[in-house]
Amino acid sequence: MRWIVYGLAALVALKVYTQDAFYRTGTAEALINVYRSKALTACGKDKSNPNAAKVPEMWAKPREITIQIGRNDPDVGLWEIDSPKWKADYKQPYLVIEPADRHSTFICTYDIVTGTSSITNRS
């Protein structure tokens, strides 16, 4: 009887994991499809990095576009939930775009909520 309970628990865990994986994959694909053209346009026009602004064509056909929740470099501590920047640093979705050139060290991060982009150097 114990093994039946363990088997049912394993099936429930597998079902929850599968539904979560499908939901995350579908949501990521939908966000990328909706905001792709806006993000690529914003990355091509971004003047924050003078070297990257000289070559907007590197953003025309990106190698990879992924979704990221929160920023890699938060300005606010995780415990500072009263800060106005907390939501942007930990909850907002961003599109992270890598150019087709594998030797490029630039990454463009497009903020979906504000519609702005920033180009940073990976190194």
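The structure presented is a predicted model; accordingly, all values stated were derived computationally and were not measured.
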(request) Would you name the heavy atoms of Ser117 and Ala42 that are closest together and state the gap between them? (result) OG-O, 3.0 Å
(request) Kindly determine whether Val96 and Ile65 satisfy side-chain contact (heavy atoms from CB on, under 4.5 Å), including the steps that lead there. (result) CA-CA 6 Å; Val96 178; Ile65 300 177; over 6 Å; no
(message) Within this structure, what is the CG-NZ distance for the pair Leu8 and Lys15, rounded to the nearest 0.5 Å?
(response) 13.0 Å
(request) Side-chain contact test, heavy atoms from C-beta onward, threshold under 4.5 Å: evaluate it for Ile32 versus Leu95 and give yes or no. (result) yes
(request) State which residues pass side chain to side chain contact (heavy atoms under 4.5 Å, CB included) with Thr114; sequence neighbours excluded, sorted by chain then number. (result) Asp111, Thr116
(request) Apply the test side-chain contact (heavy atoms from CB on, under 4.5 Å) to residues Ile67 and Ile69: give CA-CA distance (whole Å), side-chain angles for both, the deciding distance (0.1 Å), then the verdict. (result) CA-CA 7 Å; Ile67 294 287; Ile69 303 299; 4.3 Å; yes
(request) Quick one: list whatever passes side chain to side chain donor-acceptor pair (under 3.5 Å) with Asp20, sequence neighbours left out. (result) Arg24
(message) Please enumerate all residues that pass side chain to side chain donor-acceptor pair (under 3.5 Å) together with Thr18, with sequence neighbours excluded.
(response) none
(request) State the OH-OH distance between Tyr35 and Tyr110, to the nearest 0.5 angstrom. (result) 7.5 Å
(message) List the residues meeting side chain to side chain donor-acceptor pair (under 3.5 Å) with Arg36, not counting sequence neighbours, and say none if there are none.
(response) none
(request) If you link ILVMFWY side chains whenever their heavy atoms are less than 4.5 Å apart, which other residues fall into the same cluster as Trp3? By chain and number, please. (result) Tyr6
(message) Assess the residue pair Ile119 and Ile107 against the criterion (side-chain contact (heavy atoms from CB on, under 4.5 Å)); give the C-alpha distance rounded to whole Å, side-chain angles, the decisive distance to 0.1 Å, and a yes or no.
(response) CA-CA 6 Å; Ile119 297 175; Ile107 291 181; over 6 Å; no
(request) Not counting sequence neighbours, which residues clear side chain to side chain contact (heavy atoms under 4.5 Å, CB included) with Glu64? List them please. (result) Thr66, Glu98
